[in-house]
Amino acid sequence: MSKYITTPIYYVNGEAHIGHAYTTFIADSMARYEKLKGEDTYFLTGTDEHGQKIEESAQKNNKPTQQFADEISATFKNLWDEFEICYDKFIRTTDEEHKRGVQKAFEVMMAKGDIYKDFYEGHYCVSCETFFPETQLIDGAFCPDCGRSTNVVKEESYFFRLSKYQDALLKHYAENPDFILPRSRANEVINFVKGGLRDLSVTRTSFTWGVKLPESMHDDKHVMYVWLDALMNYVTALGYGQEGEKMSYWPASVQFVGKDILRFHAIYWPAFLMSLDLPLPKTIGAHGWWTRDGEKMSKSKGNVISPKEVSDAYGVENLRYFMLREVPFGQDGDFSQRAFIDRINSELSNDLGNLLNRIIGMSGKYSDFLIDSKDVERYHAKELAAMAGVLASLDEYMETLQTHRYLEELWKLFSIGNKAIEEYAPWVKMKENKADEALATVALVANILAKAALMLSPIMPKTTAVIADTLGFAIDNANYRALVREGKLLAPFTIKKTPPLFPRIEEPLMAEAPAAKPNEKEIEVKKEKPKAQEKKEETTGLIEIGQFFETSLKVGTILEAEAVEKSAKLLRLQVDLGEAKPRQIVAGIKEFYTPESLVGTQACVVANLKPAKLMGMLSEGMLLAAKDEDGLCLVRPEKPKKAGTPIG
RNA sequence: GUCAGGGUAGCUCAGCUGGUUAGAGCACUGGUCUCAUAAGCCGGGGGUCGGGGGUUCAAGUCCCCCCUCUGACACCA
C-alpha cells in the first residue's frame, strides 16, 4: 500500500518560523522513513495564498497580490530546499490545477445536495473589520473586541451542510481511535462536534482574492472561502478532478497539523471528504507549539527564533534531531540552547560520534582499517540478540508518531556498542594474541553503527550518509532490508578515516534570546496602544502621575443590583456615574454581597475601562475592591459624594 | 464554571488490568579502563509517589473529598 504524507500548507502572510520548520521536519522524517522501508511514498507541502488578509498585505506592500504571494511562497520553498526537505510536490493554492480541482469538488458537493445558497448574516465591526457570530456579541449588539456597536451585514453565501455529517463524524472517531493523534486531542474534537455543528459558509462576495466558483454555477460574484479552498489542496495536489491524477495515493496515511488547526482538519476536512465520497485519511497528527527558554515566542517580545538562524549556527540535522528527540508528539516543546547543546554533546557527540571514532582508531591500529564481520556471530551472539530486539521495537514508535521514543530506543544500540567495547576490551585481546576476538568486537560495533545509521537516516539523512560512507555501504532500501530486516552483517570493508561527526559544543553559538529587547518592544507596543508606558515602567514599579490619571476613577451610585443566574460570582449592577444613562457593570462580588445590600450605596468605579462581555452581558466598568483570605470588600467613599465625582 | 488530562528523584518523564526493597535519561558525585570527541564503563546519593479519608491480606496503581497545573469550550473584575 502506498503512503501519502502531508504538512499543512503555510499561510503566506509571514516568513517561516520554527513551528513551520518543526512540522516540516516531522513530515519529512516520516516520508523518508517510509521511503527507506521501500514504500511508494508521496510527500506534500506547500503554501496557502488566498484570502482577504493576503490581499491587504499585498496592498500595504504596494505589490500586485499575485507577486506578493509569489515572493513569500518562494521564501518557504527556498528554505525547504536549503534544508533538503524531500517533498514530492510543493503545492500553491494559486496553482491552476488546484483551482480547477476545488471547483470540481464544489460541483460534486453541489450535485450531492451538500451546498446551498443562503445569506450569511454577520455582525460586522467596522473598526475591527471583522465579522462576529451573534453568540460572541456583547448584549447581542456590541463588538467583543472593542465594545463598539456592530452592523448586521447580510451577504449572499453558499453553505456547506456540515451539520449533516455530525453523526457520521462521531461514528468515525469512535471506530478509528488513531484518526486523531495524540488521543488526548481527540476528546476535544469529539466534544466540540457533540456540541452541534452549524453549516459552514464556504463562499464570500466581499473580496476577490480566491478561487472563483465553477463556471457551471454562473455566479462569479463569489470566491471560495478559506477552508474549502485550503483543505482541498491535499487532494488537488494529487490531481483530483484532473486528468492523469495520482489519486491512488489517497487516502493520506498521516496529515500533520499544528494543534491550532486541528479542528479544521478533524471536522471540516473529513466532512468534505465524505461529501466527495472519498475515504478519510488514516491519521491526523496534531503537534504542539515551541516556546523559547520557557516563554511564548512572539514578535513583540522579540524572542522569535528563526529556523535559518539555528541551522546556520548548529546545522539543520542537529536541529531536526533535537526537535524530534526533545518533545513527545503533541506536547509543547521548549527550545533552549542549553538543552540543545546538552543533547548534541551527550547524545550525538558522546554516544554516537565517539563510538564511530573508537572503531576507526582500533581498526587502524589492529587491522589496517579493515573490518570483517566473519567472527561477530561467534563471539557476540548476546549483543546481536539485544540489537535485534531494539530494532524490532522501533516501527511501532514511528507509526504512532512518537519520534522521541523512537530515538530514545534507537540510542540503546550505541549503549550496547559502548558496553561491548568495554566488556571485551579489544586492546587486551590484542595483547593476548586473540586478534580474532578483538576484531570481532570492532566489527560488531561497525554493524551496530550501520544498522543504527539506517534507522536514524530519516531524521538525519546527511549525517547518516557520511556514517554509511565511512562504513563502506549506502543508506538505501536494499541495505535496510538486508541489515535491519534480515539481520545480515556488513560485508568486509575498509573503514574511512572520517573526522568527528559532531564536534562538542562548549559555548552557545547564537546570541541568547533577548530577555528584553526594550527598544523594539517599546516601539511596537507604542504604535499600537498608548498604554505602552505602563509596560515600560514595569521594571521600576513606579509610574508617572500622568499615567495614573489615564485611569478614570469615579464615584458611582448603585441604582440596581441583581444576581446573574447560573453564575457563581457575578452580580449585574446599574451604576449612576453622573452620566446621561447609568452604566451596566457586571461584578464578581456575588459571594460577598447580596444585591439588596448594595442598592443605594456608593463605590469607586473605573470609568474608562474597555467594555467586556461577561456571561453575555456588557460590563461597562469595574468596581474597585480589596480581597484577601478573609474575603472581599468594596472600596467606597467615606462620605456620600455626587455620582460621577472624579477620584484622584 | 463544564469537560478532558496531569501532579512520581534537582530537571524531563516511565510505571498495563492493585502484589517482592518505586524505575529511566539528564544533572550531581565516587571509582576505573585507554580504542575514542576531557568521550566510555562501573557504582552512589537523592522520592511523605500533591494532601486527607476509604476499600483490600496488599494501593503510586481502585473509590470519595480537597488543593494545584495544563488544554478545550463557556461568563474569567
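In what follows, every chain begins at residue 1, and chains take the letters A, B, ... in the order their sequences are listed. No hydrogens, no waters, no symmetry mates; every other heavy atom, side chains included, goes into these values.
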Whole-angstrom distance between B:C11 and B:U21, as gauged at atom C1': 26 Å
How about A:Trp289 and A:Phe335: are their ring centres within less than 6.0 Å of each other? no
Nearest-angstrom distance from the residue atom CZ of A:Phe322 to P of B:G25: 20 Å
Mind checking if A:Arg263 touches a base, just sugar-phosphate, or nothing, with heavy atoms under 4.0 Å? sugar-phosphate
Please determine, for B:U61, whether a Watson-Crick or G-U wobble partner exists with both distances under 3.5 Å, and give it or none. none
Taking B:G6 as the reference, what is the distance to B:C63 when you measure between their P atoms (whole Å, please)? 12 Å
Given the structure, check if the side chain of A:Asn350 and the base of B:A39 hold any donor-acceptor pair shorter than 3.5 Å. no
What's the gap between B:G5 and B:C64 when it is taken at their P atoms, as a whole Å value? 13 Å
Pair A:Thr470-A:Thr498, side-chain donor/acceptor within less than 3.5 Å: yes
If I take atom CG in residue A:Asp334 and atom C1' in nucleotide B:U70, what distance separates them, rounded to the nearest angstrom? 15 Å
Could you state the atom-to-atom distance from CD1 of A:Ile505 to P of B:A39 in whole Å? 14 Å
Mind checking who B:G1 pairs with, Watson-Crick or G-U wobble, both distances under 3.5 Å? B:C73
If only side-chain N and O atoms of A:Arg338 are considered, is one of them under 4.0 Å from the OP1 or OP2 phosphate oxygen of B:C26? no
Integer angstrom distance from the P of B:U20 to that of B:G40: 34 Å
Establish, for the pair A:Arg343 and A:Tyr321, whether the NZ or CZ atom is under 6.0 angstrom from the six-membered ring centre and no further than 45 degrees off its axis. no
Take atom CZ of A:Arg343 and atom C1' of B:C13, then tell me their distance rounded to the nearest Å. 11 Å
Re B:A24: Watson-Crick or G-U wobble partner, both distances kept under 3.5 Å, found to be B:U12
How do A:Pro503 and A:Asp351 order along RNA chain B: which one's closest nucleotide is nearer the 5' end? A:Pro503
Do A:Phe473 and A:Phe493 make the cut of ring centroids closer than 6.0 angstrom? no
With distance as the sole criterion, is a donor-acceptor pair present between the side chains of A:Arg320 and A:Ser29 under 3.5 Å? yes
For RNA chain B, which residues of residues 419-449 of chain A approach it to below 4.0 angstrom with any heavy atom? A:Lys419, A:Ile421, A:Glu422, A:Trp427
A:Asp342 atom CG is separated from B:U37 atom P, nearest whole Å, by 21 Å
Nucleotide nearest A:Asn418 when distance is taken to its side chain, options B:A72, B:A39, B:C41: B:C41
Between C1' of B:C13 and CG of A:Leu407, the distance in whole Å: 16 Å
For the P atoms, the ones on B:U48 and on B:G23, what distance do you get once it is rounded to whole angstrom? 15 Å
For the rings on A:His404 and A:Phe329, is their centre-to-centre separation under 6.0 Å? no
Which whole-number value in Å describes the distance from A:Glu408 CD to B:G23 P? 18 Å
Say you draw a straight line from CG of A:Asn418 to CG of A:Asn350; how long is it, rounded to the nearest 0.5 Å? 9.0 Å
When A:Lys365 and A:Asp332 are each assigned the nearest nucleotide of RNA chain B, the 5'-most assignment goes to A:Lys365
Whether the A:Glu383 and A:Tyr424 side chains hold a donor-acceptor pair (N or O, under 3.5 Å, no angle test) is what I'd like checked. yes
Looking for any heavy atom pair under 4.0 Å, which part of the strands does A:Leu501 touch: base, sugar-phosphate only, or nothing? base
Contact list please: residues 181-197 of chain A against RNA chain B, heavy atoms, distance less than 4.0 Å, in numerical order. A:Arg185, A:Asn187, A:Glu188, A:Asn191
If we take the C1' atom in both B:U56 and B:C62, what is their distance in whole Å? 10 Å
For a quick test of reading the model: is some side-chain N or O of A:Arg504 closer than 4.0 Å to OP1 or OP2 of B:A39? yes
Are A:Arg338 and A:Asp342 ion-paired here, with the side-chain N under 4.0 Å from a carboxylate O? yes
Taking the minimum atom-to-atom distance to the side chain of A:Ser346, which one of B:C26, B:C73, B:A36 wins? B:C26
Choose from B:C35, B:C41, B:U37 the nucleotide whose nearest atom is closest to any side-chain atom of A:Ser415. B:C41
Centroid separation A:Trp290 to A:Tyr22 less than 6.0 Å: yes
Are A:His287 and A:Phe256, when compared by the centres of their aromatic rings, separated by less than 6.0 Å? no
What is the distance, rounded to the nearest whole Å, between atom CD of A:Glu383 and atom C1' of B:G40? 15 Å
Considering only the P atoms, how many Å lie between B:U61 and B:C16, rounded to the nearest integer? 11 Å
Which nucleotide in the list B:U37, B:C73, B:C35 gets nearest to the side chain of A:Tyr366? B:C35
In whole Å, measure the gap between the C1' atoms of B:C33 and B:C42 for me. 10 Å
Between A:Phe340 and A:Tyr314, what is the ring plane arrangement, given parallel below 30°, perpendicular above 60°, and tilted in between? tilted
